[in-house]
Undergrad: 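Pasting a structure below so you can have a look.
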Amino acid sequence: MRVRFILSRKYCTSIAISSNSQIARYARLGQIEKARRVFDQMPDKTIVSWNSIVAGYFQSNQPGEARKLFDRMLERNTVSWNGLISGYVKNGMIIEARKVFDSMPERNVVSWTSMVRGYVQEGIISEAESLFWQMPERNVVSWTVMLGGLIQEGRIDEARRLYDMMPEKDVVTRTNMIGGYFQVGRLAEAREIFDEMPRRNVVSWTTMVSGYVHNNQVDVARKLFEVMPEKNEVSWTAMLIGYTQCGRIEEASELFHAMPDKSVVACNAIILGYGQNGEVAKAREVFDNMRERDDRTWSAMIKVYERKGFELEALDLFTLMQRESVRPNFPSLISVLSVCGSLASLDYGRQIHAQLVRNQFDHDVYVASVLMTMYVKCGNLVKANQVFNRFAAKDIVMWNSMITGYAQHGLGEKALQIFQEMCSLGISPDEITFIGVLSACSYSGKVEKGLEIFETMKSKYQVEPRTEHYACMVDLLGRAGKVKEAMDLIKKMPVEADAIVWGALLGACRQHMKLDLAEVAAKKLTELEPNKAGPYVLLSNIYASQGRWHDVAELRKNMRTRSVSKSPGCSWIEVEKNVHMFTGGESTGHPDHAMIMRMLEKLGVLLREAGYCPDASFVLHDVEEEEKAHSLGYHSEKLAIAYGLLKVPQGMPIRVMKNLRVCGDCHSAIKLISKVMGREVILRDANRFHHFKDGLCSCRDYW
DNA sequence: ATAGGGTTAG
């Protein structure tokens with residue numbers, strides 16, 4: 001009997017120990033439900049079981065539940081009380097932690113250290129210091145915690161004095177000091193401590209590697225990385241990030257493939273690295289092969305898609321992410337918002353805006369600017385302006401977004417008004433501001449004002465004009481018919497004129513029928529951007545109109561050898577959260593095809609009655625001859641607008657997007673449509689916005 | 001077996 005009794009007691013004790021370790025393991029992993037199940041089933045709970053389950057609830061960010069259990073404990077030891085302090089500290093509840101600290105029966109060095117650590121974490125360094133010096137006894141850990149606080153505040157010299165005062169230092173202490181010196185860029189001192197260390201471990205080596213990486217010394221980091229006696233995931237990741245951050249993707253890629261265990265962080269970094277290098281497929285491959293992903297993995301991949309113009313892929317991935325119940329984080333929402341801007345998807349953009357508000361991300365200046373740009377690109381200036389006005393602490397980017405927004409919509413007065421307001425508040429404009437302001441002058445025909453601002457840019461605002469500003473001025477002068485002056489300005493430029501400048505001149509020539517200068521500009525453009533079709537087609541039209549067939553033939557040959565491709569024109573419109581895309585031509589393939597065709601016929605009759613005749617004579621527009629003849633009546637923008645007339649409720653503007661510049665015939669047709677049908681049409685083409693209303697367009701027939 | 005410190009990511 002006695003033997004059996006002892007055996008069963010032993011048995012029970014071993015159950016308790018193994019259950020306790022199970023609880024502790026689940027608690028560490030944050031799997032609190034599993035820990036709780038084990039806890040509830042235990043017949044003989046020890047004080048360790050209680051301590052572990054309390055810690056588990058704190059670990060899972062449930063301080064309330066943790067406290068409830070703590071209060072139910074029949075006996076408590078110092079570990080229990082200390083667990084309460086550290087639990088509150090982990091959850092950022094410093095005041096609660098202090099209450100426990102003040103009321104607990106007995107304090108040991110761990111209690112004091114946890115409390116100091118709490119104040120350090122909250123950035124209340126003065127309180128941490130005061131407590132630290134009151135401590136009845138200190139050990140290495142206490143000293144190191146205080147040291148960490150000073151380093152975190154950037155008080156590196158004070159930290160060093162404390163470091164020198166310490167009775168003993170261990171690896172952690174020294175590593176901390178090294179990291180501190182790297183943070184403030186004092187590499188020599190960091191190196192000195194490292195070299196003098198009696199013992200080093202992986203962390204100290206990794207700190208050196210990442211320290212050099214952060215101070216732009218990737219090659220030094222690599223040398224250390226090579227001689228490290230032991231490496232872990234973190235060391236590999238630090239080195240990898242070193243390469244991705246300075247754009248050395250080849251080396252990053254090599255390292256990534258050599259990595260024994262690929263951490264999530266490393267995968268995230270290489271995805272962004274490949275993306276930055278334009279290797280979208282490789283990025284996706286890494287993404288697909290990952291065993292586990294975190295929210296940053298998703299946002300990284302979404303960002304890559306967004307930056308490289310894969311808008312639809314970005315949206316798909318965003319949807320998939322939510323389906324896999326990964327909560328959208330800040331960067332993913334920003335990326336998707338930009339995508340909404342590019343696609344001019346106002347409905348979707350509004351949804352994302354709502355999500356930002358729900359997550360309280362909408363108080364951020366960065367978010368505000370992206371939001372504004374999204375609304376501007378979707379043609380909703382009222383919303384953009386609302387976001388702008390709601391913000392008290394506007395930064396320069398927000399001001400610029402608003403100015404540029406008004407400029408792109410041809411509202412020059414408004415743009416200048418914002419510029420004035422900004423200057424009167426003492427905010428100094430930067431080069432982006434001037435691009436907005438000058439193009440605003442240009443779009444609204446304020447030649448004198450534009451010239452005046454351009455002249456004073458450098459003297460009054462200390463901003464050196466760049467190519468972009470010259471492009472604005474060429475546009476401004478050209479638009480006002482001063483094509484020769486524009487050409488003179490190009491000749492006088494201190495820097496080489498780029499494609500944007502010549503493009504601006506070409507635009508002016510097109511408007512004012514300056515064939516000779518147009519030829520010069522178009523030729524320059526074919527040199528600067530040999531793969532773009534526009535200028536070739538335009539040149540070809542000029543030559544044809546003058547009967548220079550030999551030149552036409554030469555040009556065609558040139559185009560073939562340079563493999564110039566013309567991107568097909570398409571327009572799209574959003575109706576009830578669905579995007580409807582139209583390419584030109586009589587067969588739309590749209591479910592409502594018959595309705596659209598009937599609408600087009602009806603429009604044809606109405607327009608002819610209003611005096612419209614199809615005009616294919618735009619010599620200086622980059623539209624191919626045969627294209628003009630055939631399908632003038634079925635250009636993609638006409639189809640999209642016809643659909644909009646059918647589906648968008650009366651009184652709402654019809655918003656249509658086009659990937660190329662709107663053609664001349666369509667432009668005059670849409671003006672008439674706006675008058676005859678009494679509808680407002682907002683068309684975003686590759687360059688700018690056209691607001692059609694009552695037979696007029698905001699671009700004043702120049703685009 | 002339960003309480004305190006250092007490294008990686010926009």
Side-chain angles (χ1 to χ4, degrees), chain A residues 13-14 16-25 27-28 46-56 58 73 76-90 100 104 107-118 120-121 135 138-149 151-152 169-180 182-183 200-211 213-214 231-242 244-245 263-273 294-297 299-300 303 329-332 334-335 366:
Chain A
T13 318
S14 73
I17 290 178
S18 78
S19 300
N20 282 343
S21 66
Q22 254 184 336
I23 295 174
R25 196 166 55 244
R28 268 197 303 275
T46 64
I47 192 162
V48 177
S49 333
W50 284 92
N51 287 347
S52 301
I53 196 73
V54 168
F58 275 124
M73 285 169 78
R76 304 177 184 108
N77 57 16
T78 313
V79 174
S80 326
W81 288 97
N82 286 347
L84 207 55
I85 295 181
S86 78
Y88 280 133
V89 164
K90 274 192 196 107
V100 174
M104 65 197 283
R107 288 175 276 272
N108 65 11
V109 67
V110 175
S111 336
W112 283 88
T113 308
S114 299
M115 210 53 234
V116 173
R117 164 80 191 130
V120 164
Q121 183 184 291
M135 285 175 77
R138 303 173 196 94
N139 60 16
V140 214
V141 178
S142 333
W143 282 93
T144 310
V145 166
M146 196 58 242
L147 184 76
I151 289 173
Q152 180 187 299
K169 310 172 180 67
D170 65 8
V171 203
V172 177
T173 319
R174 291 171 206 267
T175 307
N176 225 333
M177 197 66 230
I178 292 173
F182 273 123
Q183 249 181 49
R200 306 178 184 107
N201 62 15
V202 209
V203 180
S204 5
W205 281 94
T206 307
T207 304
M208 290 300 286
V209 169
S210 93
V213 160
H214 282 308
K231 303 177 183 76
N232 63 14
E233 267 186 21
V234 180
S235 338
W236 282 88
T237 308
M239 194 61 239
L240 178 83
I241 285 162
T244 58
Q245 272 181 355
S263 66
V264 177
V265 180
C267 293
N268 294 353
I270 197 78
I271 287 175
L272 285 171
D294 65 6
D295 62 328
R296 289 175 189 220
T297 315
S299 58
K303 182 178 173 182
N329 57 4
F330 189 86
S332 63
I334 294 282
S335 295
Y366 185 20

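Numbered from 1 within each chain, the chains take letters A, B, ... in sequence-line order. As a basis for the values below, the full set of heavy atoms in this structure was taken, side chains included, without hydrogen atoms, waters or symmetry mates.
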Undergrad: Have a look at A/N176 and say if it touches a base, only the backbone sugar-phosphate, or nothing, with a 4.0 Å heavy-atom cut-off.
TA: sugar-phosphate

Undergrad: May I ask you to verify whether the side chain of A/T144 and the base of B/dG5 hold a donor-acceptor pair under 3.5 Å?
TA: yes

Undergrad: Hey, does A/T78 reach any base, or is it just sugar-phosphate, or nothing, if we go heavy atoms under 4.0 Å?
TA: nothing

Undergrad: Distance alone, cut at 3.5 Å: any donor-acceptor contact between the side chains of A/S49 and A/S52?
TA: no

Undergrad: Between P on B/dT2 and CE on A/M73, what's the gap in Å once rounded to a whole number?
TA: 14 Å

Undergrad: Select base, sugar-phosphate, or nothing to describe what A/L272 touches, counting heavy atoms under 4.0 Å on all strands.
TA: sugar-phosphate

Undergrad: Which nucleotide sits closest to the side chain of A/T206: B/dT7, B/dG6, B/dG5?
TA: B/dT7

Undergrad: Which part of the nucleic acid, if any, lies within reach of A/Q152 when heavy atoms closer than 4.0 Å are counted: base, sugar-phosphate only, or nothing?
TA: nothing

Undergrad: Which part of the nucleic acid, if any, lies within contact of A/N108, taking any heavy atom under 4.0 Å across all strands shown: a base, the sugar-phosphate backbone alone, or nothing?
TA: base

Undergrad: Using a 4.0 Å heavy-atom cut-off, does A/N201 contact any base of the nucleic acid, only the sugar-phosphate backbone, or nothing at all?
TA: base

Undergrad: So A/V145, base contact, sugar-phosphate only, or nothing? Heavy-atom distance under 4.0 Å.
TA: sugar-phosphate

Undergrad: Counting only side-chain heavy atoms from C-beta out, which of B/dA1, B/dG4, B/dT7 sits nearest to A/S86?
TA: B/dG4

Undergrad: Looking at A/R117, does any N or O in its side chain come under 4.0 Å of the phosphate oxygens OP1/OP2 on B/dG4?
TA: no

Undergrad: Please report, rounded to the nearest Å, how far the P atom of B/dT8 is from the NE2 atom of A/H214.
TA: 6 Å

Undergrad: Would you say A/K90 reaches B/dA3's phosphate, i.e. side-chain N/O to OP1/OP2 under 4.0 Å?
TA: no

Undergrad: Please name all residues satisfying ring-ring contact (aromatic ring centres under 6.0 Å, His included) with A/Y366, sequence neighbours left out, ordered by chain then number.
TA: none

Undergrad: Under the side-chain contact (heavy atoms from CB on, under 4.5 Å) test, which residues partner A/T113, sequence neighbours left out?
TA: A/V109, A/M135, A/V141, A/S142, A/V145

